[in-house]
Structure formats: C-alpha cells, structure tokens
Trainee: 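Mind looking over this structure? Questions follow.
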Protein chains: 2
Amino acid sequence: MPNSSGLRERKKRQTRAALSLATIGLCLERGWDNVTIEDIAAAANVSVRTFRNYFAGKAEAIAAGHVERTLRIADDIRAAPAGEPLWTSIVHAVQANFAPAGSADAGEEEFGRWRDGVRLLFAEPALQGELLKANASAQDELARAVADRTGTDPEHDIYPKLVAAVIGAGSTVAIEHCLHAESPTPLGPVLREVFGRLAAGLPLPTESGENSGH
Amino acid sequence: MPNSSGLRERKKRQTRAALSLATIGLCLERGWDNVTIEDIAAAANVSVRTFRNYFAGKAEAIAAGHVERTLRIADDIRAAPAGEPLWTSIVHAVQANFAPAGSADAGEEEFGRWRDGVRLLFAEPALQGELLKANASAQDELARAVADRTGTDPEHDIYPKLVAAVIGAGSTVAIEHCLHAESPTPLGPVLREVFGRLAAGLPLPTESGENSGH
DNA sequence: GCAAATTCTGCCGAAAAGGCAAAAATACCT
DNA sequence: AGGTATTTTTGCCTTTTCGGCAGAATTTGC
C-alpha cells in the first residue's frame with residue numbers, strides 16, 4: 001500500500017482538486033454546454049486523458065466535493081457522544097457539513113464554491129443525476145454508521161438502511177428548499193424543521209400559522 | 001393540442017414501448033456494454049436518430065417504465081378516498097404500482113418488463129443513476145398530489161416536498177431490500193413495515209423479536 | 001543510484017450526442 | 001376527396017465523449 005502522505009498522493013489530491021475546481025469555475029463562467037473536457041484539462045494543466053483518469057465526466061468532477069461532504073456526515077455520526085439521541089446527532093452532522101459555522105457572512109471560500117457548484121448542479125439535469133448518485137454512494141457508509149450507533153445490522157436489517165435513505169432525502173429537500181427560496185434562507189432552521197417532522201412521523205401540519213415548524 | 005387518442009399518439013406510445021423493450025431485452029441478453037444504440041434501433045425497426053428523439057440514451061430507455069410507474073403513484077394518491085389517512089393511501093398506492101394484486105402469478109406483462117428493467121438498473125452501476133433520476137423526476141408530481149391531499153402548498157411549504165421525497169426513499173429501500181434478499185421476499189409486507197416505521201417517526205427498533213415492525 | 005511501481009500522456013477508433021433540413025406520416029379543414 | 005398544416009421520422013453531418021493501449025515520466029523504497 002502506497003504511503004498516503006507521500007508526495008505522490010499529495011499531488012494526486014492536488015490534481016483532483018484542481019480539476020474539480022477548474023470544472024466548476026469554467027461551467028459557472030461559460031455555462032455547462034460551452035465547456036469541453038479539453039478546456040478543463042487545459043485550465044488545470046493536464047492532458048485530456050488525465051482528466052478521464054480522475055473523473056468519468058464533467059458532472060462527476062463537479063459532484064466530487066459533494067461526495068466527500070456527505071461521507072463526512074457518516075464520520076460525524078459515528079463520532080457523536082454515545083448518549084446523544086440519534087436524531088440530534090444526525091441534525092448536527094448534516095448541519096456541520098452543509099452549513100459551516102460562519103454561515104453566510106464569514107465568507108468561507110470553500111463554502112462559497114460549494115454553493116455555486118450546487119446551484120449549477122440543480123440547473124442542469126445531467127448534473128442532478130450525479131448529485132443523486134453522490135448521495136447514493138454515501139448511503140451505504142451512512143447506513144453502517146447508523147447501524148453502529150443503534151446496534152442494528154447494516155446488511156440484514158431494514159432500519160439502518162431506511163434511516164440512511166431518509167437522511168439523504170431530508171438533507172436534499174432542505175438544501176433544495178433553501179436554494180430555491182427567493183430570500184436567502186439559512187439552512188440550519190430548515191434542517192431542524194425537516195428532521196423534526198421526520199422524527200415525529202410526518203404528521204399533517206396544523207392549520208395554525210403555516211407550517212414553519214420552528 | 002393533439003388528440004391524445006389518435007393514431008399518431010398511439011404509434012408514438014408503441015414506438016416508445018418497443019424501444020424500451022428492445023433495450024431491456026438486448027441488454028439482458030448481451031450485457032450492457034455489448035449493446036449499441038444502433039443495435040436497439042435496428043431491433044425496433046427505427047433509425048438511430050429516432051431512438052435519440054425518444055430517449056437520451058440506453059439508460060433512460062430502460063428506466064422509462066419505472067418513471068411511468070412512479071407517476072401513477074401520484075395519480076393513485078389523488079384518487080384515494082378523501083377520508084382515508086394519508087399514510088394508508090400512500091402504502092396502497094405504492095403497493096398497487098410496485099406489487100400488483102396477483103403478485104407473481106397474474107403475469108402482467110408490463111410488470112415483468114419493469115421487473116427486468118429494475119434488475120438491470122441495480123446490477124449495472126452506470127444505470128443506478130438513472131433510477132435515481134427517475135425517482136427525482138416523479139417527485140414534483142408526487143409533491144403536488146400530496147399537497148392536493150393535505151391542503152398544503154407544493155411550492156412554498158416543505159411538508160409535501162418532504163413527504164414526496166420520503167415516499168421515493170422508502171419505496172427504493174423496500175424494493176432494494178427485496179431484490180437483495182437471499183430468499184425471495186414479497187414486497188407488500190416490507191412496504192408496510194417501511195412506511196409503518198416512517199409514520200411512527202423511525203423509533204429505534206426494540207430488541208425483542210428482530211425488527212419486523214408491525 | 002537503481003529497480004519497481006505508479007501515473008501521465010498522446011494516439012487511436014468506436015460510440016454517443018445533437019443540429020439541421022428534407023421526406024414521410026398524420027391531422028385537420030373545406 | 002383534396003389540400004394544407006403540423007408533427008414525426010430519417011439521413012447527413014460535425015463535435016465530443018469514452019476508453020484501451022503503450023511508451024515516457026515521475027515517485028518510491030531500498
């Protein structure tokens with residue numbers, strides 16, 4: 001096994017990040033259809049063939065960040081204090097990875113890049129599929145984390161798989177809601193509302209005062 | 001607006017079905033990589049260009065049945081008796097469309113095609129994304145149906161969108177579970193367990209007697 | 001340094017993807 | 001029926017994607 005901290009691995013991570021970043025940047029700038037893999041490779045100073053060694057296509061390059069982000073949710077759930085209720089851990093984990101502390105004002109550049117990328121993702125149908133695949137690919141890891149936490153079997157029991165799927169679905173709905181909202185909405189409260197409803201069994205919203213769960 | 005029952009529309013549906021069927025058949029027979037669009041078009045007696053008028057690619061052609069099936073769930077939810085609890089309607093609708101009455105024996109040919117298609121979709125990684133996209137594309141319609149049923153707003157309220165996403169996630173988990181089970185498992189009970197847990201707020205399964213909820 | 005393993009790269013052909021306009025089929029009106 | 005409008009099918013075309021292959025270049029461990 002190659003040393004994961006050697007020069008080679010570091011360069012690989014750099015190239016990977018550069019390609020993903022270049023893809024997002026070019027697509028934001030020119031629009032999805034007006035960017036070829038050749039352009040991206042040139043912008044990242046590698047050959048077209050090398051791009052293909054890293055990613056299957058433009059979409060995958062853009063979604064790469066989302067995959068890492070989602071996988072980190074599983075880690076956070078595993079690392080949560082043992083006594084904490086499962087749903088609390090879930091909300092914290094999702095929030096920590098999709099709505100970093102500084103939120104909107106403290107211009108976390110990485111978060112800004114991610115936000116731009118996601119907006120693109122939702123615009124182009126070819127990218128929606130990739131986002132979905134990213135969620136799905138993290139689902140197994142998520143299910144294992146939930147199984148760890150609840151003492152269930154990630155292979156044979158339905159419970160952890162169902163919870164993992166619901167985490168993905170709930171996160172997606174919350175993010176999409178904030179992204180499509182006319183006024184910029186912070187993700188945190190929406191996430192709490194979504195998972196609050198889920199943990200309550202999705203009862204019909206009461207007529208009183210809209211459904212701003214709070 | 002073209003008459004939907006005219007000859008033209010009927011032929012279009014026929015061509016569409018023939019292409020989807022030919023794609024599934026050829027892919028099952030030769031394997032995903034060994035089928036070109038040219039093969040499919042030839043098998044369906046249309047030009048390659050016509051195939052592309054109907055579907056963006058092999059994957060979409062295979063998933064077409066799944067899309068229709070999912071859209072019909074929305075219709076069923078709309079058509080359910082007004083007094084019936086929402087979750088009851090949902091379980092009925094999903095079950096009706098993914099596990100037809102006669103179950104295995106009453107060979108609904110369309111159902112057979114769908115089943116083959118789904119098997120393919122889950123087997124080949126290149127196709128899993130298409131299943132996800134199929135679910136997502138039906139999500140909006142599902143949300144509108146739920147909104148109709150619950151008097152919520154499909155645009156601004158989170159509730160209908162969340163329920164729609166959960167229906168998709170729950171169905172997928174149930175189907176996947178049955179497909180991956182070593183012993184052939186009927187979908188109905190699994191579906192009821194999944195949505196039972198969801199309506200209960202996904203409480204941790206009790207230690208007693210496995211997790212066969214309900 | 002040196003040998004082994006790994007990655008990068010150019011070259012290649014098969015396939016996909018989609019714009020365009022002529023041809024064919026269907027619909028609709030008189 | 002006949003004629004016209006609309007829609008679908010088709011062929012032709014270019015550009016881009018996709019991935020196998022082998023040699024060059026780089027990194028690693030010794």
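Quick note on labels: first sequence line is chain A, next is B, and so on, each numbered from 1.
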Trainee: Checking B/D39 against B/T36: is there a side-chain donor and acceptor pair closer than 3.5 Å?
Mentor: yes
Trainee: Of the options A/I90, A/T152, A/T150, which is the one that meets A/V163 in a side chain to side chain contact (heavy atoms under 4.5 Å, CB included)?
Mentor: A/I90
Trainee: Identify which nucleotide among C/dC8, D/dG19, D/dT8 has an atom closest to any side-chain atom of B/K12, counting heavy atoms from C-beta outward.
Mentor: D/dT8
Trainee: CG of B/D33 versus P of D/dG19: gap in Å, rounded?
Mentor: 9 Å
Trainee: Choosing from C/dC8, D/dT26, D/dT28, which nucleotide comes nearest the side chain of A/K11?
Mentor: D/dT26
Trainee: For nucleotides 19-21 of chain C, give me every protein contact, N/O to N/O, under 3.5 Å, one pair per line with atom names.
Mentor:
unit_1 : atom_1 : unit_2 : atom_2 : d
C/dG19 : N7     : B/R49  : NH2    : 3.0
C/dG19 : O6     : B/R49  : NE     : 2.6

Trainee: In terms of side-chain heavy atoms of B/R52, which of D/dT9, C/dA16, D/dT28 is nearest?
Mentor: C/dA16
Trainee: Nearest-nucleotide wise, let me know which of B/V35 and B/R8 is further upstream toward the 5' end of DNA chain C.
Mentor: B/V35
Trainee: For the side chain of A/Y54, counting heavy atoms from C-beta on, which of C/dA16, C/dC8, C/dA27 is nearest?
Mentor: C/dC8
Trainee: State which of C/dT9, C/dA17, D/dT9 makes the closest approach to the side chain of B/T15.
Mentor: D/dT9
Trainee: My understanding is that only residues two or more places apart in sequence, or in another chain, count here; which of them pass side-chain contact (heavy atoms from CB on, under 4.5 Å) with B/D148?
Mentor: B/R78
Trainee: Rounded to the nearest 0.5 Å, what's the gap from CD on A/E176 to NZ on B/K161? Could you check?
Mentor: 7.0 Å
Trainee: What's the separation between atom CD1 in A/I37 and atom NZ in A/K58, rounded to the nearest 0.5 Å?
Mentor: 7.5 Å
